[in-house]
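The structure follows.
Atom set for the values below is all heavy atoms of this structure, side chains included, hydrogens, waters and symmetry mates excluded.
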Amino acid sequence: MNSLSTLIDTPPTTATPPTPDFAAIKTRQRAAWSSGDYAVVGTTLQIVGESLCEAVDLHAGARVLDVAAGNGNASLAAARRWGEVVSTDYVPELLARGRERATAERLPITFQEADVEALPFDDGRFDVVLSTFGVMFAPNPRRSAAEMLRVCRSGGRIGLANWTPDGFIGQLFKTIGKHVPPPAGIESPALWGTAARIDELFAGQASHIRAEPRHFVFRYRSPAHWLEVFRSWYGPVLKAFAALEPAAQARLEADLMALMGRYNRAEDGTMVAPSEYLEIVVTKR
């Protein structure tokens with residue numbers, strides 16, 4: 001996963017973009033995702049992991065790898081379907097939350113710290129590779145895609161859920177990026193939510209790619225409650241506010257509330273905000 005400063009669209013430029021310092025970016029990522037408690041938000045997204053396991057037609061006994069797993073939504077969903085699951089992330093605090101959930105549900109999942117850009121597994125080891133709103137935030141998309149393809153067997157499937165650029169979360173990242181600029185040379189993670197980027201990354205080694213738009217609906221007590229939760233517990237948003245002076249924080253808060261006003265379809269004071277994501281199934285050749 002990634003720090004919020006890399007979650008927005010990189011402005012167009014005619015100059016040759018600088019080579020990103022991936023090591024430094026990952027250090028900031030770990031700090032961002034280790035702050036707060038992503039699981040407070042992450043557990044609300046569980047239904048996406050369940051839907052993704054159905055989309056890849058996960059069979060009992062399948063060898064499953066969940067990359068950039070966060071607090072383990074896809075991992076738990078795969079284990080509930082009797083998959084042999086390895087759940088990975090390079091932020092140990094996130095793996096700890098997934099481990100707690102698996103223990104509570106008595107699900108046999110192996111948790112292992114690992115970077116999706118350098119997976120410590122043999123070629124073709126897994127039948128299914130999954131990621132829900134995780135790999136899209138790794139700073140080197142081509143490396144990440146290559147590693148997922150490498151560890152997936154021929155005929156296996158890669159299942160992804162990625163926020164789209166024009167959906168609520170995609171626009172959330174873009175809004176915050178106006179206040180906290182991204183590192184130079186980093187491409188927008190929201191590109192993972194486009195069919196063009198998926199084709200670019202996977203088509204060369206895929207026998208089939210299916211990409212369909214879906215919606216996850218954020219449901220909170222009110223728009224203010226949503227902002228309180230994200231600002232308190234969602235590490236990248238927490239870090240973004242912490243990086244700003246009070247007056248700038250107020251401007252960011254106003255922009256986020258205005259954004260929520262565009263997407264919230266509730267009329268009773270609560271928040272019901274659909275956010276588009278792309279559900280992808282890549283079948284490896």
Exercise. With side chains defined as the heavy atoms from C-beta onward, is the minimum distance between Ser87 and Gln112 less than 4.5 Å?
Worked result: no
Problem set entry | Nearest-0.5 Å distance, OG of residue Ser222 to CG of residue Asn264 | 9.5 Å
Exercise. Side-chain heavy atoms under 4.5 angstrom apart, residues restricted to Ile, Leu, Val, Met, Phe, Trp, Tyr: same cluster for Val64 and Val129?
Worked result: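 Val64 does not cluster with Val129.
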Problem set entry | 4.5 Å side-chain heavy-atom contact, Val40 and Val229 |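 Touching, per the 4.5 Å side-chain cut-off.
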Exercise. Tell me, do Arg251 and His179 make a side-chain contact under 4.5 Å, heavy atoms counted?
Worked result: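 Result yes, sub-4.5 Å side-chain heavy-atom pair found.
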Exercise. Passes salt bridge (charged side-chain N to carboxylate O under 4.0 Å, His left out), Asp57 versus Arg157? Steps please.
Worked result: CA-CA 9 Å; Asp57 191 25; Arg157 294 173 300 285; 5.7 Å; no
Problem set entry | Donor + acceptor pair across side chains of Gln249, Arg231 (<3.5 Å) | yes
Exercise. If Ile, Leu, Val, Met, Phe, Trp and Tyr residues are connected whenever their side-chain heavy atoms lie under 4.5 Å apart, and connections chain through other members, are Phe126 and Leu160 in the same group?
Worked result: yes
Exercise. Between Gly159 and Leu52, what is the shortest heavy-atom contact and its length?
Worked result: O-CD2, 3.5 Å
Exercise. Should side-chain heavy atoms under 4.5 Å link Ile, Leu, Val, Met, Phe, Trp and Tyr, which residues sit in the same cluster as Val272?
Worked result: Val217
Exercise. Between the side chain of Thr194 and the main-chain N/O of Leu191, is any donor-acceptor distance below 3.5 Å?
Worked result: yes
For this session: For atom CZ of Arg106, decide whether the heavy atoms of other residues, nucleotides or ligands shown that lie under 6.0 angstrom number more than 12.
Result: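 Check fails, neighbour count at 12 or below.
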Exercise. Of Phe216, Phe218, Phe133, which is the lone residue that meets ring-ring contact (aromatic ring centres under 6.0 Å, His included) with Tyr277?
Worked result: Phe133
Exercise. Can you tell me if CZ on Arg142 sees more than 12 non-hydrogen neighbours from other groups inside 6.0 Å?
Worked result: yes
Exercise. When rounded to the nearest 0.5 angstrom, what is the spacing between CD1 in Ile169 and CG in Leu45?
Worked result: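 Nearest 0.5 Å value for the CD1-CG distance: 8.0 Å.
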For this session: Given side-chain contact (heavy atoms from CB on, under 4.5 Å), test Leu278 with Glu212 step by step and report yes or no.
Result: CA-CA 6 Å; Leu278 199 66; Glu212 297 185 8; 5.8 Å; no
For this session: Measure the shortest side-chain to side-chain distance between Arg81 and Glu54 over non-hydrogen atoms and say whether it is less than 4.5 angstrom.
Result: yes
Exercise. If you look at every heavy atom in Ala211 and Ile280, which pair is closest and at what distance?
Worked result: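 Nearest pair, atom of Ala211 first, then Ile280: CB-CG1, 4.1 Å.
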For this session: State whether the side chain of Thr270 and the backbone N or O of Arg221 hold a donor-acceptor pair below 3.5 Å, judged by distance alone.
Result: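 Checked: no pair found.
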Problem set entry | Shortest non-hydrogen separation from Met148 to Val135 and the atoms involved |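 Smallest interatomic distance, heavy atoms only, reads CE-CG2, 3.7 Å.
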For this session: Would you confirm whether Arg150, through its side chain, and Phe121, through its main-chain N or O, come within 3.5 Å as a donor-acceptor pair?
Result: yes
Seminar exercise, completed: Output for pair (Asn140 CG, Glu147 CD), nearest 0.5 Å, gives 10.5 Å
Exercise. Taking Asn162 for the side chain and Met136 for the main chain, is one N or O donor matched with an acceptor at less than 3.5 Å?
Worked result: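 It does not hold such a pair.
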Problem set entry | Minimum side-chain heavy-atom gap Asp123-Arg153 below 4.5 Å |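 Sidechains of Arg153 and Asp123: no contact.
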Exercise. What is the minimum heavy-atom distance between Pro223 and Met260, and which atoms define it?
Worked result: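 Smallest heavy-atom distance, with atoms named: CB-CG, 3.5 Å.
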Exercise. Has Asp122 got more than 12 heavy atoms of other residues, nucleotides or ligands less than 6.0 Å from its CG?
Worked result: no
Exercise. Could you walk me through whether Leu238 and Trp233 pass the side-chain contact (heavy atoms from CB on, under 4.5 Å) check?
Worked result: CA-CA 7 Å; Leu238 185 160; Trp233 304 113; over 6 Å; no
Exercise. Are the side chains of Ile25 and Pro20 in touch, meaning some heavy atoms are under 4.5 Å apart?
Worked result: yes
For this session: Assign the ring pair Tyr234 / Tyr38 to parallel, tilted or perpendicular, where the plane angle (0 to 90°) is split at 30° and 60°.
Result: tilted
For this session: Tell me yes or no: between the side chains of Glu50 and Gln46, is some donor less than 3.5 Å from an acceptor?
Result: yes
Exercise. Is there a side-chain contact (heavy atoms from CB on, under 4.5 Å) between Arg101 and Thr43 once you walk through the steps?
Worked result: CA-CA 10 Å; Arg101 299 174 74 194; Thr43 53; 3.9 Å; yes
Exercise. Would you say the side-chain atoms of Asp166 and Thr164 include a donor-acceptor pair closer than 3.5 Å?
Worked result: no
Exercise. Does the Thr27 side chain pair with the main chain of Ala23, one donor and one acceptor, at a distance under 3.5 Å?
Worked result: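 Between the backbone of Ala23 and the side chain of Thr27 there is a qualifying donor-acceptor contact (under 3.5 Å).
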Problem set entry | CD on Glu276 to CZ on Arg214, rounded to 0.5 Å |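 One finds 11.0 Å between CZ of Arg214 and CD of Glu276.
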Problem set entry | Plane angle bin for Phe168 and Trp226 - parallel if under 30°, tilted between 30 and 60°, otherwise perpendicular |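 Aromatic pair Trp226/Phe168 classed tilted.
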Exercise. Ignoring hydrogens and geometry, is there a side-chain-to-backbone donor-acceptor pair from Glu279 to Ala55 under 3.5 Å?
Worked result: no
Exercise. Which heavy-atom pair separates Leu58 from Ala78 by the least distance, and what is that distance?
Worked result: CD1-CB, 3.7 Å
Exercise. Would you find a donor on one side and an acceptor on the other, under 3.5 Å apart, between the side chain of Thr132 and the backbone of Val48?
Worked result: no
For this session: Evaluate the side-chain proximity of Arg80 to Leu107: yes if any heavy-atom separation is below 4.5 Å, no if none is.
Result: yes
Exercise. Does Met271 share a hydrophobic cluster with Val41, counting links as ILVMFWY side-chain heavy atoms below 4.5 Å and allowing steps through other members?
Worked result: yes
For this session: Grab the two heavy atoms, one from Ser75 and one from Ile109, that are nearest each other, plus how far apart they are.
Result: O-CD1, 3.7 Å
Problem set entry | Qualifying residues under salt bridge (charged side-chain N to carboxylate O under 4.0 Å, His left out), relative to Lys26, sequence neighbours excluded | Asp115, Glu117
Exercise. Donor-acceptor pair, Arg262 side chain versus Ala258 backbone, under 3.5 Å?
Worked result: no
Exercise. Is there a path from Leu95 to Val116 through hydrophobic residues (I, L, V, M, F, W, Y) whose side chains come within less than 4.5 Å of each other?
Worked result: no
Exercise. Could you walk me through whether Ile158 and Lys284 pass the side-chain contact (heavy atoms from CB on, under 4.5 Å) check?
Worked result: CA-CA 8 Å; Ile158 297 171; Lys284 183 178 175 182; 5.7 Å; no
Exercise. Can the ring centres of Phe230 and Phe241 be said to be less than 6.0 Å apart?
Worked result: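 Phe230 vs Phe241: aromatic centres not under 6.0 Å.
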Exercise. Should Glu187 and Pro139 count as side-chain neighbours, where that means a heavy-atom distance under 4.5 Å?
Worked result: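 Side chain of Glu187 against side chain of Pro139, heavy atoms only: no contact under 4.5 Å found.
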Exercise. Do the side chains of Leu130 and Phe137 join up, straight or via other hydrophobic residues, at under 4.5 Å, putting them in one cluster?
Worked result: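 No, Leu130 and Phe137 fall in different hydrophobic clusters.
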Problem set entry | Test item: Asp89 side-chain N/O and Ala69 main-chain N/O as donor-acceptor pair under 3.5 Å | yes
Problem set entry | Under 3.5 Å donor-acceptor, Arg285 side chain and Gly155 backbone | no
For this session: Drop me the distance from Met257's CE to Leu259's CG, to the nearest 0.5 angstrom.
Result: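 Those atoms lie 10.5 Å apart.
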Exercise. Just how far is it from atom CH2 of Trp163 to atom OG of Ser275, taken to the nearest 0.5 Å?
Worked result: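 That separation rounds to 4.0 Å.
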